[in-house]
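Starting from 1, each residue takes its place in the sequence as its number. Counting convention: from 1, in listed order, for ligands and their atoms alike.
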Amino acid sequence: MAAGENVAGTQGLTLDDARKALSTYFGYDSFRPGQAEVISAILSGRDALAVMPTGAGKSVCYQIPAVLLGGLTLVVSPLISLMGDQVRSLKDAGIRGSYLNSTLTPRQQEVVMARAIAGWYDIMYVAPERLADQRFVSFVQQVHVPLIAVDEAHCVSQWGQDFRPAYRGIPAFVSQLPRRPVVCALTATATARVRQDVSHLLDLRDPIVQVNGFDRPNLRLSSFELTPKERTRWLLGYLAAHPSWSGIVYATTRKKVDELAETLREAGITAASYHAGMENGERAASQEAFVRDEVRVMVATNAFGMGIDKSDVRFVVNCGLPLSLEEYYQEAGRAGRDGEPAECYLLWSRGDIRTCHFFIDNAEFPPETSQEERNALLSNRNRLLSSMIGYAMSDSCLRARVLRYFGQDASSLGAESGSAGCGGCSVCLGSSAEEYLRSNRPRRVFGGSGTESVSGRYRTRELPSETEVTDEDERLFQRLRALRKQLANASRVPPYVVFSDATLRAMVRRRPTTAEELLSVSGVGKTKLERYGAVFLSEINR
Ligand SMILES: [Zn+2]
């Protein structure tokens, strides 16, 4: 039997074991959509391809098997700067993580490998380039590797936008291991073509393919044609109308990022900036300030955001056009990961279209790229760009357009509103940028850093986690947030590592009085109960 050749699949682990681990480590009673399918495939020794939007809980798909399978699960990820945070998050949940990358000195790397051989870790994060390092290969040959998780797996495909040649070396690496581990590929964005590529190029064997829905009903999508000058005015008005909302503003060049951040600061808005031209240390400090709620707005190029786990981002504004709809939806999708209403604006002009064409026409290729490959890459990039332009200029429902692009049926959207579209995007609402500011009517939502008004138009749609709350609830929520911030600062981690907003809200609703009741709150696992339980209980019962 094919499964028997794999390391996993021989231990008789079941989904029940996985559920217990989920509750112990993460404090959740049940899996989110798609997780159970991927996890049971892995536990039975089968490869998997998981396509899940940002925020759907992709990492749980390999973290739970990692603690159950024993040995060392390798996670291949291009996001070196995030590895430290990921490992801290794991540690907080009681999972033993480690990472091996160029931010460690050679001596530190030796220590990590020696500890891994001695069985200190469940999970190790590595960059794809590391797999070609012979020293690393001989190290891995000395440990038991039941599972390799390939994160951001679309990087293997030239058809996607983040092609990373080192990903092509993954099958060769796997073939050097004494026993073939289960391979699980994960990505937040992949069209049918990229999915095929991922499965083929990573040499997945009879994988289960789990594609989760791309629909994010709590995101309100808008596209407005505005000149750069109008955009700045629009943005200042928007920020003034939502004084307690935190969000991200994407601009297309470093210069624009710096200028825009400066304009916001001059208007008295706390804003950090982030782009590839800044020093590593500066970038890290900017990111920290945003994630830790020290600044309201992050102004950034597309270098910012991959893997950033800040759940209460209330808006994402793109000033200018990304080069593909994949890229746009990934950026916009960083809003509202807590499930609360959030807004995504694309502000573009005809000039941006010319700029995008200029980027594509002047892109540089590695010298070994043949003319044929260049032509193929160029026509692919033009194809990706036209999907983006089509979205910006769309005169049909934006939400339906995104879903169709990712190969998902959008015909059910109209059912909610009785119209041909979603009833909530700027096209369905027939709204213009000017009209939007005028049409704001206050309505209360729970979340963010205060009570806030949202456009009255939200009422036309059902939002999943919308909850009416009392003033007292809101005050308790803010107290718990403050406590979380204090604890996070003391242990030098971002607030979400302590508890997510959703978990704090569940505490407010349920008002637990004992450790046992607190443990039953979604998001509270045993490790976190031990670490934070007493202080949160005393704050709730104060
Ligand atoms: Zn719509």
Note to self: Closer than 2.8 Å to the Zn ion (ligand 1), what protein N/O/S atoms do you find?
What the structure shows: C397 SG, C422 SG, C425 SG, C428 SG
Margin query: Quick test of your reading: applying salt bridge (Lys or Arg N to Asp or Glu O under 4.0 Å), list the pairs with at least one residue in residues 374-391, sequence neighbours left out, ordered by first then second residue.
Written below: none
Item checked: Set of residues satisfying ring-ring contact (aromatic ring centres under 6.0 Å, His included) with respect to Y25, sequence neighbours excluded -> none
Item checked: Face-on cation placement of R401 at Y391 ring, 6.0 Å and 45° thresholds -> no
Margin query: Once side-chain hydrogen bond (donor to acceptor under 3.5 Å, both in side chains) is applied, what residue pairs with a partner in residues 346-361 remain, sequence neighbours excluded?
Written below: S223-W348, E225-R350, R231-S349, R231-D352, S349-D352
Next item on the list: Would you check if L22 and V60 make a side-chain contact, meaning some heavy-atom pair closer than 4.5 Å?
Entry: yes
Note to self: Apply ring-ring contact (aromatic ring centres under 6.0 Å, His included) to residues Y329 and Y405 and explain how you reach the verdict.
What the structure shows: CA-CA 11 Å; Y329 202 54; Y405 184 74; 9.7 Å; no
